[in-house]
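What follows is a single structure, written as structure tokens, with notes after it.
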Amino acid sequence: MRRRNLSPSSPRPWTKLCPSPSSRRSKARLDTRGSIANKEESIMPELPEVETVRRILNSSILNDTFQNVEVLSPKQLDASARDLTSRLPGATIVGTDRRGKFLILRLAGERSLVFHLRMEGKLFVLAPQEPLTAHPRFIFHLASGRRLVFDDTRRFGKVWLYDSLATPCTDDLGPEANRLDPQYVARLLERENRPLKEVLLDQTKIAGIGNIYANEICFACRLSPFIPADKIIDIPRAAADIANQSRRILDLSITKNGSTVKTYRASAHVSGDFQNFLQVYGREGEPCHLCHAIIMKRALAGRGTSFCPNCQHVPLVIGVTGGIATGKSTICHFLEKDGFQYLNMDRMAKEAYDNPGLRTDLKAIDPQVFDSEKGLNKDYLRKRLTDDQRFRRRWLTRLYSFLRDEVNETLNHLYNTPVVIEAPLLFQAKLDSFCRLKILAETDQQLAHLKARGDKDPERSLRFGATNDPQSYRDRCDFRIDTSGPLSELEGKVNKVLDSLKSLSGGLDHD
DNA sequence: ATGTTTGCCTGTTCGC
DNA sequence: TGCGAACAGGCAAACA
């Protein structure tokens, strides 16, 4: 019933979004030819990746000279580089630098060519015979006959060209993430009320940390990514941890990439080994290496945020599901008494229809569902939901997506409060991925409960409120609680569930 | 003025 | 099978 051992078959929310570590590993091993990008493999250039590229370029194209440039994607040129094609030819590369995630080629005559690889940008040095990469955006022809190719599938990357050693595009960056001063970090945390992870990602405060390493650093410091920085209990200690762990993780990652890159010879195709060392990023649904709790994932500031709820002291989230009148809310009320924040999805769904943004989206699906100005045409909606599967799917997809965002936001703000979510359709609405614990309420007293509530047509309500897949709900919940007995007994059952979680993995933090 | 949201981009995957 | 939607995410720009 309870998944103490995490089998590979346990549900793995979000895994679809990023390749599993094992698949990435095998891809990296396979690609030993050196020069052509493996399109199934994507590297997110953060500080260590950019540093690795810099080192490769430094050892391969130093003293080479730009001859001409093919600009295939002019939009990616900064204003300073608009006339790149006329200004760059003849310039010799005399050095390389890196500032945060910016890569700087120093040119003879105190000039600077700057790259930002953003999401998927890559720099390749291609031998004369080598075929072009898949998504070339700039091709720099060199005097040696080689080409420096800026390949960038999504065209997020950017290029600057300055006739100076100064590079204004890097002026606003904070100190390098792998050389942080603990006192600086402490002062930073003290005056930031944003969630910790947002602060780590802010390049003007600390330069070089991207999403992967922000998650990893939070984990290594055993700090919640969601906690407002100024609410951290022991700031001096946390600051020291952040400074130390940032240096350790980033420098380690640099060495890992360096070692792998050798097998790629002259190419600047970076495919590091560090993904094998990641503790939380891309590991959602898998057990924590330290405590075996399941690594979870939510969105924070629009970015995927993976964390160990146990190691990182993220408050417990319990999902309570079950059919109509099975005693879900009774369970929730017990937990509410214990200090849990209670989120009722039925209520949130009703309130959701007042949201203008959601309303606009839903009107686009079928405007008739909303009466002229104000209300929801409930009878019409019910009819459409039962009659038209395509409508039903689109409508519910949008509604559930809205609710997921709402729940996600609420959880992010409740950085020190445990939460119980009552959701009859916990799995359909994909709210289960927020829940460390999922409880199914069951009873054979549904009809009696409905009658006691004064339901005029309990049989009909029972039919309408039935889950279409009760067995999967049983399978996917961690606990089933029979609510048929007396209230005192039920409270005991709920407490037993909480107790067993405490013994599972080092206890809960909200007590 | 500040903090928050959106747009840029394309490829992949998922589920109905 | 096809199709819509979600998601990856750093940063600038637009927005309140």
Side-chain angles (χ1 to χ4, degrees), chain A residues 11-20 23-24 27 37-47 49-50 72-73 75-76 78-79 100-103 114-122 134-135 137 151-160 168-174 177 191-195 197-215 228 281-282 284 297-306 356-357 361-362 364-365 388-405 408-409 412-413 427-430 433 468-469 472:
Chain A
R12 303 211 286 174
W14 298 66
T15 40
K16 59 183 172 183
L17 307 175
C18 25
S20 70
S23 72
R24 278 194 239 171
K27 298 273 166 44
N38 182 342
K39 68 172 183 178
E40 294 167 58
E41 189 179 85
S42 83
I43 291 94
M44 257 166 266
E46 303 187 20
L47 186 153
E49 289 74 15
V50 178
L72 308 176
S73 181
K75 273 189 170 180
Q76 293 180 257
D78 177 75
K101 303 178 211 171
F102 291 81
L103 178 71
V114 185
F115 296 94
H116 197 304
L117 306 177
R118 293 280 178 93
M119 298 292 297
E120 295 177 2
K122 299 167 204 76
H135 305 282
R137 304 307 179 200
D151 184 282
D152 184 15
T153 312
R154 291 165 69 180
R155 302 174 196 253
F156 273 20
K158 229 173 160 188
V159 179
W160 296 256
C169 62
T170 65
D171 279 355
D172 293 334
L173 295 178
R191 62 182 143 79
E192 284 279 359
N193 60 4
R194 289 182 294 171
K197 192 185 149 191
E198 281 188 44
V199 179
L200 296 178
L201 286 169
D202 185 337
Q203 302 299 305
T204 69
K205 304 293 188 289
I206 299 173
I209 299 177
N211 196 40
I212 296 173
Y213 295 102
N215 287 315
Y281 184 87
E284 47 278 5
K297 182 173 180 177
R298 320 204 275 257
L300 177 62
R303 286 138 161 133
T305 300
S306 314
D361 290 359
L362 292 176
I365 300 174
D388 184 344
Q389 280 308 300
R390 189 185 144 83
F391 169 84
R392 182 189 176 82
R393 185 157 57 89
R394 293 227 293 155
W395 184 271
L396 290 182
T397 299
R398 186 66 199 91
L399 179 63
Y400 289 156
S401 158
F402 178 85
L403 290 175
R404 275 198 303 278
D405 285 350
N408 192 109
E409 275 310 297
N412 287 354
H413 286 107
F427 297 102
Q428 270 115 317
K430 293 182 194 150
S433 68
N468 54 11
D469 193 4
S472 96

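In what follows, chains are A, B, ... by sequence order, proteins preceding strands, each numbered from 1. Bear in mind that the values here come from a model prediction, so they are computed numbers and not experimental data.
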Whole-Å distance, A:Tyr400 OH to B:dG15 P, equals 15 Å
So CG of A:Leu396 and CG of A:Leu403: to nearest 0.5 Å the spacing works out to 10.0 Å
Picking from C:dC11, C:dG10, B:dT10, the nucleotide nearest the side-chain atoms of A:Thr153 would be B:dT10
**Q.** Side-chain N,O (A:Gln203) to OP1/OP2 (C:dG10) below 4.0 Å
**A.** no
query = Is a side-chain donor or acceptor of A:Gln203 paired with a backbone partner of A:Gly100 at a separation under 3.5 angstrom?
reply = no
Distance col, row A:Ile365:CD1 vs A:Leu399:CG, nearest 0.5 angstrom, shows 9.5 Å
note: A:Lys430, atom NZ; B:dC14, atom C1'; distance rounded to Å ~ 7 Å
When A:Arg398 and A:Lys101 are each assigned the nearest nucleotide of DNA chain C, the 5'-most assignment goes to A:Arg398
**Prompt:** Going by heavy atoms in the side chains, are A:Tyr400 and A:Lys430 under 4.5 Å from each other?
**Reply:** no
Between A:His116 and C:dC11, does any side-chain N or O lie under 4.0 Å from OP1 or OP2?
yes
Per nearest nucleotide of DNA chain B, the residue lying toward the 5' end, A:Lys75 or A:Gln389, is A:Lys75
Practice problem: Look at A:Lys158 and B:dC9 and indicate whether a side-chain polar atom (N or O) is within less than 4.0 Å of OP1 or OP2. | Solution: no
Taken to the nearest 0.5 Å, the spacing of A:His135 NE2 from A:Thr153 OG1 works out to 4.0 Å
In whole angstroms, the gap separating C1' of B:dC8 from CZ of A:Arg137 amounts to 13 Å
dist A:Ile206:CD1 -> A:Tyr213:OH (nearest 0.5 Å) comes out at 16.0 Å
Query raised in the report: So, A:Asn215 side chain and A:Thr305 main chain: donor-acceptor pair closer than 3.5 Å or not?
Result: no
Pairs under 3.5 Å (Watson-Crick or G-U), crossing ones as [ ], inter-strand ones as |: DNA chain C comes out as .||||||||||||||.
(message) Looking at A:Arg155, I'd like to know whether one of its side-chain N or O atoms comes within less than 4.0 Å of OP1 or OP2 on B:dT10.
(response) yes
Between CG of A:Leu72 and C1' of B:dC9 the distance, given in whole Å, is 16 Å
On DNA chain B, more 5' by nearest nucleotide between A:Glu198 and A:His135 is A:Glu198
Regarding A:Arg398 and A:Asp361, does a basic nitrogen lie under 4.0 Å from an acidic carboxylate oxygen?
yes
Between CZ of A:Arg303 and C1' of C:dA8 the distance, given in whole Å, is 12 Å
Taken to the nearest whole Å, CD/A:Gln428 to P/B:dC14 is 19 Å
Interface polar pairs with nucleotides 2-5 of chain C, N/O, under 3.5 angstrom:
unit_1	atom_1	unit_2	atom_2	d
C:dA5	OP1	A:Arg394	NH1	3.2

Rounded to whole Å, the CZ-C1' distance (A:Phe427 to B:dG15) equals 17 Å
To the nearest angstrom, the CZ-P distance between A:Arg154 and C:dA12 comes to 17 Å
CG (A:Asn211) and CE (A:Met119) are apart, to the nearest 0.5 Å, by 8.5 Å
Report task. Would you mind reporting whether A:Leu201 and A:Arg303 have side-chain heavy atoms less than 4.5 Å apart? Result -> yes
